[in-house]
Structures are given as structure tokens and as C-alpha cells.
Amino acid sequence: IPSELLTIHNMAAKIIAQLVIQGFSILTRATFTAYQQALKNAKNGGAASTATAVIRRKMDVGEAYQVLNLERSVVDKAEIEEVYQKFFKANDPKDGGSFYLQSKIFRAKEAILRDALDATKDQTQDQDKPPPT
């Protein structure tokens, strides 16, 4: 093999080695930085506070029924609780689920039960009113 070809081959090998080392260095720094940020978020409750900020508004009842995949005619608290438990457990972050989705599921149950309570109050008030004369 001619010496010029060996020189080019050695230069190419050096360049490739430098690129691999630089890439590994960048990847290591990025991983370390991400790990530090994750620790910081865990200590400060970052994920929980972010989800709380996103969900501060009360969920619309129509959206709540969609989240729990229920028909609007369903007002049985036991059925609502059963569906809620199924979806809530399926999205447990300890099992690889999503805290955000768990929060949506919780807020959906809350909105449906609040709506059912409001409807019950309205019916009670209508019954207490004297009939029109």
C-alpha cells in the first residue's frame, strides 16, 4: 500500500475518532444537565406544581364526560367511581403512566360529581317551590 494512502487513512481515522469523542462529550454533558434538572424539579415539586398550574381552571362537564368516556346520561356515582378508578390506576406514574392524565381524570370525576350535585340541588329547589297559582 502506498504511503500516501496510509497517510490519508490515518488522517481519516483521527478525524473520525475526534468526532466520536466530541459527540460522546456533548451527550455526556447533556445527560448530566438533564439529570441535574430532574433532581431540581423533584426537590421543588416541579411536575406537580406545573400540572396544578395547568389545571387550575375548572373542567367543563362535557369535557369531563369525554375524558372518562361516559355518556351524559350516566349519573350513577358507583359507575362514575368505577370508571374513574380504572383510568386513574391505568395512568399511575409509578407504572409508567402520566401524572398529567391522572390529573385530568381526577378533575373529570370532580366536574361530573359537581354537576350531579348541582342537578340534585336544582331538583330539590324545584320541589320545594309552591305550585304556581
Side-chain angles (χ1 to χ4, degrees):
I1 300 177
S3 63
E4 291 176 9
L5 190 58
L6 283 176
T7 305
I8 293 172
H9 184 3
N10 287 340
M11 285 177 39
K14 285 181 184 179
I15 291 171
I16 290 172
Q18 287 176 342
L19 288 173
V20 168
I21 291 170
Q22 284 179 341
F24 182 74
S25 174
I26 291 169
L27 182 63
T28 302
R29 272 188 259 135
T31 303
F32 182 71
T33 304
Y35 180 72
Q36 285 180 323
Q37 186 64 41
L39 286 176
K40 183 179 174 183
N41 284 346
K43 286 179 184 176
N44 298 333
S49 63
T50 302
T52 302
V54 168
I55 304 174
R56 285 203 184 223
R57 67 171 181 85
K58 291 183 179 179
M59 183 180 287
D60 177 60
V61 179
E63 180 185 3
Y65 278 100
Q66 287 179 338
V67 167
L68 292 181
N69 197 27
L70 291 170
E71 297 292 324
R72 276 207 87 130
S73 59
V74 176
V75 290
D76 180 34
K77 289 183 183 181
E79 186 176 348
I80 293 167
E81 185 65 32
E82 179 183 326
V83 171
Y84 161 76
Q85 287 296 331
K86 176 182 141 191
F87 286 134
F88 194 81
K89 286 179 185 176
N91 286 287
D92 191 344
K94 293 175 188 171
D95 297 329
S98 165
F99 178 77
Y100 174 76
L101 289 178
Q102 251 192 349
S103 299
K104 292 287 269 188
I105 292 163
F106 178 80
R107 296 296 175 204
K109 179 185 111 170
E110 192 177 61
I112 291 171
L113 293 177
R114 185 178 57 243
D115 184 57
L117 182 64
D118 290 345
T120 304
K121 283 181 184 178
D122 290 344
Q123 287 177 354
T124 304
Q125 288 175 352
D126 286 346
Q127 290 174 356
D128 292 342
K129 289 181 183 178
T133 53

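- When only modelled atom types and interatomic distance are considered, R29 and S25 share a side-chain donor-acceptor pair under 3.5 Å.
- Contact of the N69 side chain with the V83 side chain is not registered, since no non-hydrogen atoms from C-beta on lie closer than 4.5 Å.
- S98 and P93 make their closest contact through C-CG, 4.3 Å (heavy atoms, listed as atom of the first residue, atom of the second, distance).
- The CZ atom of F106 sits 11.0 Å away from atom CE of M59, with the distance rounded to the nearest 0.5 Å.
- Atom CD in Q102 sits 5.0 Å away from atom CG in D92 (nearest 0.5 Å).
- Taking every heavy atom of both residues into account, A111 and V61 meet most closely at O-CG2, 4.2 Å.
- For E71, the CD atom counts as loosely surrounded, since its 6.0 Å shell holds 12 or fewer non-hydrogen atoms of other residues, nucleotides or ligands.
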Test side-chain contact (heavy atoms from CB on, under 4.5 Å) applied to D76 and E81, step by step: CA-CA 9 Å; D76 180 34; E81 185 65 32; over 6 Å; no
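- For the pair N91 (side chain) and F87 (backbone), a donor-acceptor distance under 3.5 Å is present.
- Looking only at distances, no side-chain donor or acceptor of D95 sits under 3.5 Å from a matching main-chain atom of G97.
- Between Y65 and D115, the closest heavy-atom pair is OH-OD2, 4.5 Å.
- Side-chain contact between K14 and M11: absent, with no pair of heavy atoms (C-beta onward) separated by less than 4.5 Å.
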Audit row: Y100, K104, side-chain contact (heavy atoms from CB on, under 4.5 Å) steps and yes/no: CA-CA 6 Å; Y100 174 76; K104 292 287 269 188; 3.8 Å; yes
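- The distance from the CD1 atom of I112 to the CG atom of L68 is 4.5 Å, given to the nearest 0.5 Å.
- Contact annotation: the side chain of R114 approaches that of E110 to within less than 4.5 Å [non-hydrogen atoms, C-beta and beyond].
- Here the CD atom belonging to Q66 is positioned 7.0 Å from the CD atom belonging to E63, to the nearest 0.5 angstrom.
- Here I26 contributes atom CD1 and T31 contributes atom OG1; the two are 11.5 Å apart, rounded to the nearest 0.5 Å.
- In summary, the side chains of Q22 and Q18 do not present any donor paired with an acceptor at a separation below 3.5 Å, with no hydrogens or angles considered.
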